[in-house]
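Worksheet: the structure to be examined is printed underneath.
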Amino acid sequence: MAHEEYDAVVIGAGFAGLYMLHRLRGLGMSAVVLERAGGVGGTWYWNRYPGARCDSESYYYCYSFDRGLEQEWTWTERYPRQPEIRAYLDHVADRFDLRRDIRLSTTVTGARADADGRGWTVTTDTGRDVHCRYLVTAVGCLSAANVPDLPGLADFAGRWFHTGAWPHDGVDVTGRRVGVVGTGSTGIQAIPVLAAQAAHLTVLQRTPNYSIPARNGPLGAGEADAYKADYARIREVQAGSTNGHPFVVNPQSALDVGDDERERVYRAAWERGGLRFRASYADLLADEAANATASDFIRDRIREVVADPATAEALLPHDHGFATKRPPIDTGYFETYNRDDVTLVDVRADPVEAVEPGGLRLRSGARHELDDLVFATGFDALTGPLLRLDPVGPDGTALSDAWRAGPRTYLGLAVSGFPNLFTVTGPFSPSVLTNMPTSIEHHVDWIAGCLEHLRATGRDRIEADPAAEHEWGEHNRAAAEATLLPRAASSWYLGANVPGKPAVFMPYAGGFARYVATCDDVARGGYRGFRLSGSRAAA
Ligand code: NA7
């Protein structure tokens, strides 16, 4: 059967897919976006759980590529709620007339490279299959839900949900006994909101977490005017940063200042709220003793907030340093444990043995009666969404075979053995260690520049060189090991949350600005580390 033909196919219509389509159109290329969901938004289409909002501040959790867009959109809160981000992405889709090339409710069921590596056939569940020269995955880092394989779940008499696939018309938990599994960023956002509505909330905690108060609030007209007038500077700071946030990291060591001074800096960061706490000192993620000063400070705040000493003790993280796992920010999280209708259960000490029709049974035999069970258990991060697609290269090798021992990529953007495939925010790109829209825009621009180069030089095939890929993998390992990040044994950055997943530190820890400089250098060097060839020009 003849397939529809495109220059490029993009999988996913979130931040990455929308902008990729816009750039492809700008290059005069024909393109289509295939999207599983019934609307645009990616992560923000699916994550509709109570309390869902972004941990980056709204004024920079957005695109920077269009000055008009920056000026006309006005954020209403310091941290945008899920519906507001979705409304923003809907606005972008309309403003740039993207919808006519987006196929919603279309799940990709397979992607197979042509034998000569100069194209891809992409099959879908609608039966409308497509063929393209270049395939771009814009599938997100946190889109493959991780639901624990608990015996008896199928027999649970109540309702159960994963936060990343939340029902669109909401879930009313009024008068119900709710259990929440997981205390990552999601659980920490959802728990206070669920507690306020449920008859009783049981939190099943495996690993206690640090969390910084978000200090969320409405953004007044004056504040919106101020950030809009300041965008040139804001974008410059982001571009030169380690993590895409417009914060300048205090260059001092936490160990080079006196105790009183350090306490003052941490207090100020605590009162200001948000992820910027990490920028308090330069070595918080590089030196264990420096990190311990921040970790101690936060543990003290938890002890201060939580009234019952035993509960406070159970909430204190001791197995990892602050921010070595993704640090959540919260609105009233620790305060929630002062409610009479909230119970904390340590499932590290006493794991869930089985789900029963009426609730959960722990290894000790203790039972928790529940009407609803909420899994805030995260995602098969970074590799999961790509392995779910499982593209097959020209020699018949599937990505799942190529990555059996763990992912390997060049710059997080390409995989050897998979020509003409680009992976936006793939493993070994800075991705989840950064403000995502900032990384996404960079990748999309880089890919667009690469496609332009291929066209201008008469090439139509590009593939990462295995040696360059290997070197990039080694550089990633070294960059991670220069930090404390790989020491957090239960981190999803390492894949530790998914049983059987190879333990590889997946996001690039060398910093956003350094990564961008490397990518620029690669492009300037004629796409060093890639093999480029053309069927029309001399290779
Ligand atoms: P996370 O950060 O992966 O958190 C998942 C939580 O669920 C975490 O506390 C896990 O404990 C816990 N978990 C996972 N599996 C289990 C099982 N089987 N039993 C008990 N507890 C479990 O996901 P989030 O959705 O909160 O956040 C993802 C990202 O979204 C976030 O970092 C932001 O970038 C936005 P563990 O720590 O693994 O012991």
Side-chain angles (χ1 to χ4, degrees), residues 14-15 42-44 46-56 61 79-80 82 85 140-151 153 160-166 179-191 202-212 214 243-245 275 315 317-320 323-330 333 344-355 360 362-363 368 373-382 384-385 425 430-437 439 485 488-501 503 506-507:
F15 267 99
T43 290
W44 301 105
W46 297 105
N47 280 272
R48 302 178 186 225
Y49 60 86
R53 70 172 73 241
C54 187
D55 288 346
S56 285
Y61 191 79
Y79 304 93
Q82 175 269 339
I85 305 173
C141 299
L142 299 163
S143 52
N146 172 38
V147 178
D149 188 15
L150 293 176
L153 184 57
W160 70 266
F161 314 95
H162 186 276
T163 49
W166 201 256
V180 177
V181 185
T183 52
S185 299
T186 299
I188 282 178
Q189 286 185 344
I191 284 164
T202 304
V203 177
L204 300 127
Q205 172 190 265
R206 186 163 72 180
T207 310
N209 225 330
Y210 301 90
S211 182
I212 307 292
N243 52 22
H245 293 261
L275 290 172
L315 285 164
H318 286 293
D319 73 322
H320 66 286
T324 57
K325 291 173 75 171
R326 164 65 152 76
I329 64 174
D330 71 278
Y333 173 65
L344 178 67
V345 176
D346 177 356
V347 293
R348 172 86 63 198
D350 192 5
V352 176
E353 188 130 283
V355 183
L360 295 176
L362 307 185
R363 186 172 294 169
H368 293 274
L373 193 45
V374 174
F375 291 107
T377 42
F379 302 88
D380 181 356
L382 288 134
T425 65
S431 66
V432 291
L433 296 180
T434 67
N435 179 49
M436 288 301 279
S439 279
L485 291 163
S490 65
S491 167
W492 57 257
Y493 295 156
L494 272 167
N497 61 328
V498 177
K501 193 165 170 171
M506 294 177 287

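One-based numbering, in listed order, for ligands and for the atoms of each.
For ligand 1, the 4.0 Å heavy-atom shell contains residues L142, P148, V181, G182, T183, G184, S185, T186, R206, T207, K325, R326, R348, A376, T377, G378, F379, S490, W492.
Legend: residues meeting salt bridge (Lys or Arg N to Asp or Glu O under 4.0 Å) with R206, ordered by chain and number and at least two apart, are absent.
Aromatic pair Y61/H245: centroids not less than 6.0 angstrom apart.
A donor and an acceptor atom, one from each side chain of S56 and N435, are located under 3.5 Å apart. Using modelled atom types, one finds a donor on one side chain and an acceptor on the other under 3.5 Å when comparing Y49 with Q189. A donor-acceptor contact closer than 3.5 angstrom links the side chains of T434 and S439.
Using bins of under 30°, 30° to 60° and over 60° for the plane-to-plane angle, the ring pair W160/F375 lands in the perpendicular bin.
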